[in-house]
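Just so it is clear, the model here is predicted, and its values are computed rather than measured. Just follow the structure's listing: the first ligand is 1, and inside any ligand the first atom is 1.
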Amino acid sequence: MSHYVKDVLIPRAEIAKVVDDLARRISDDYAGQEIVMVGVLKGSFIFLADLVRKITVPVVIDFMSVSSYYGGTKSSGVVKIIKDMDTDIQGKHVIIVEDIIDSGLTLNHLKDLLLTREPASLRVCAAFDKPERRKISISADYLGMPIPDEFIIGYGLDFDGQYRNLPDVCILAIDGGNE
Ligand code: PRP
């Protein structure tokens with residue numbers, strides 16, 4: 001099976017504007033407070049790096065690595081923690097940072113888990129969202145932009161571990177598909 005970059009869906013300049021806008025909103029909303037921003041590895045690493053450099057309030061950065069697995073039915077998806085964060089978030093203002101929300105199952109379980117640690121507040125910031133793919137009702141408090149249900153790569157998003165470094169969000173073509 002071969003695959004290649006078909007089209008640019010979101011050019012880097014547009015992504016930069018979206019990141020600027022999100023950082024401005026977050027900085028305004030958390031004025032006078034400190035935020036713990038938790039990047040969900042691996043996909044969020046580029047978005048998080050861009051976002052935090054534009055935020056003007058104090059930020060503590062941490063990461064979690066999770067793996068979703070769907071034993072039995074897809075709707076029973078649970079998240080396995082591969083790497084937990086090091087920061088104690090009790091009483092802290094926490095924002096989970098995701099590159100993309102798809103079914104919503106990863107985020108749903110992550111939110112449930114982090115809420116048991118009694119943060120002062122818990123919100124979600126996602127760069128991209130595929131609302132058509134949702135299996136559970138959940139949304140980002142801060143969303144970059146909704147996108148169509150295409151296989152996208154770049155800006156942290158991968159196909160089989162590749163393409164995360166592309167500066168634009170692109171559509172992947174896989175030979176044998178309908179291209
Ligand atoms: C992606 C993305 C989210 C999750 C969203 O991660 O970063 O964590 O999938 O999907 P969901 O809404 O259907 O749960 P992925 O599992 O591809 O890992 P990666 O970030 O390491 O690429």
Side-chain angles (χ1 to χ4, degrees), residues 1 3-6 8-10 12 15 18-19 22-23 26 35-52 61-87 89 94-117 119 122-174 177:
M1 181 184 65
H3 43 88
Y4 60 95
V5 180
K6 185 181 164 201
V8 172
L9 181 67
I10 314 168
R12 65 199 77 179
I15 298 171
V18 163
V19 172
L22 289 170
I26 291 170
I35 319 170
V36 179
M37 302 197 76
V38 183
V40 184
L41 295 171
K42 299 175 183 160
S44 70
F45 78 107
I46 290 177
F47 175 49
L48 180 73
D50 282 350
L51 186 65
V52 293
I61 297 161
D62 211 330
F63 293 94
M64 291 183 78
S65 179
V66 303
S67 140
S68 304
Y69 61 97
Y70 307 108
T73 65
K74 287 219 163 190
S75 60
S76 68
V78 290
V79 169
K80 183 177 168 191
I81 305 298
I82 308 294
K83 180 218 175 291
D84 205 340
M85 70 174 86
D86 304 314
T87 312
I89 60 169
V94 178
I95 300 180
I96 299 170
V97 179
E98 270 285 21
D99 52 342
I100 191 163
I101 308 174
D102 194 319
S103 69
L105 295 172
T106 304
L107 197 52
N108 187 54
H109 284 270
L110 206 46
K111 280 185 83 173
D112 282 351
L113 173 69
L114 296 195
L115 283 172
T116 66
R117 301 178 183 180
L122 180 63
R123 288 183 177 157
V124 174
C125 178
F128 311 112
D129 185 8
K130 286 182 178 175
E132 292 167 56
R133 303 258 306 169
R134 202 70 93 250
K135 291 186 168 21
I136 193 162
S137 177
I138 194 165
S139 58
D141 302 280
Y142 302 99
L143 173 65
M145 62 173 75
I147 55 169
D149 185 16
E150 300 269 8
F151 199 115
I152 60 164
I153 49 170
Y155 200 68
L157 293 149
D158 76 309
F159 171 72
D160 204 16
Q162 296 181 48
Y163 300 115
R164 292 192 199 273
N165 58 313
L166 296 180
D168 309 297
V169 171
C170 299
I171 297 175
L172 184 76
I174 301 175

In Å, rounded to the nearest 0.5 Å, how long is the span from CZ of R117 to CG of L122? 11.0 Å
Pairwise distance CG(D168) to CZ(R12) - rounded to 0.5 angstrom: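 Atom-to-atom, D168:CG and R12:CZ are 4.0 Å apart.
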Is the closest side-chain heavy-atom distance between M64 and L113 below 4.5 Å?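 They are in side-chain contact.
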Determine whether D129 and I100 make a side-chain contact, defined as any pair of heavy atoms from C-beta on separated by less than 4.5 Å. no
Can you see whether D99 engages S44 through a side-chain donor-acceptor pair at a distance of less than 3.5 angstrom? no
Chi angles and distances behind the side-chain contact (heavy atoms from CB on, under 4.5 Å) call for I96, C125: CA-CA 6 Å; I96 299 170; C125 178; over 6 Å; no
Side chain or backbone of [X] under 4.0 Å from ligand 1, or both, or neither, by non-hydrogen atoms?
X: R133; value: neither
X: M64; value: neither
X: L107; value: neither

Does D158 have a heavy atom less than 4.0 Å from any atom of ligand 1? yes
[X]: numbered ligand 1 atoms lying under 4.0 Å from its heavy atoms:
X: T106; result: 4 (C), 8 (O), 10 (O), 11 (P), 14 (O)
X: S103; result: 11 (P), 12 (O), 13 (O), 14 (O)
X: E98; result: 2 (C), 3 (C), 7 (O), 8 (O)
X: L41; result: 20 (O), 21 (O)
X: R164; result: 19 (P), 21 (O), 22 (O)

Heavy-atom proximity to atom 1 (C) of ligand 1, best of I100, V97, I136: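 Among I100, V97, I136, the closest heavy atom to atom 1 (C) of ligand 1 belongs to I100.
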Tell me the nearest of I96, D129, D99, V66 to atom 2 (C) of ligand 1, using heavy-atom distances.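 Considering heavy atoms of I96, D129, D99, V66, the nearest to atom 2 (C) of ligand 1 sits in D99.
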Give yes if a backbone or side-chain nitrogen or oxygen of G104 is under 3.5 Å from a nitrogen or oxygen of ligand 1, and no if not. yes
With sequence neighbours left out, what residues match D50 under side chain to side chain donor-acceptor pair (under 3.5 Å)? R53, Y155
Listing request: all ring-ring contact (aromatic ring centres under 6.0 Å, His included) pairs with a residue in residues 134-153, at least two apart in sequence or in separate chains. F151-F159
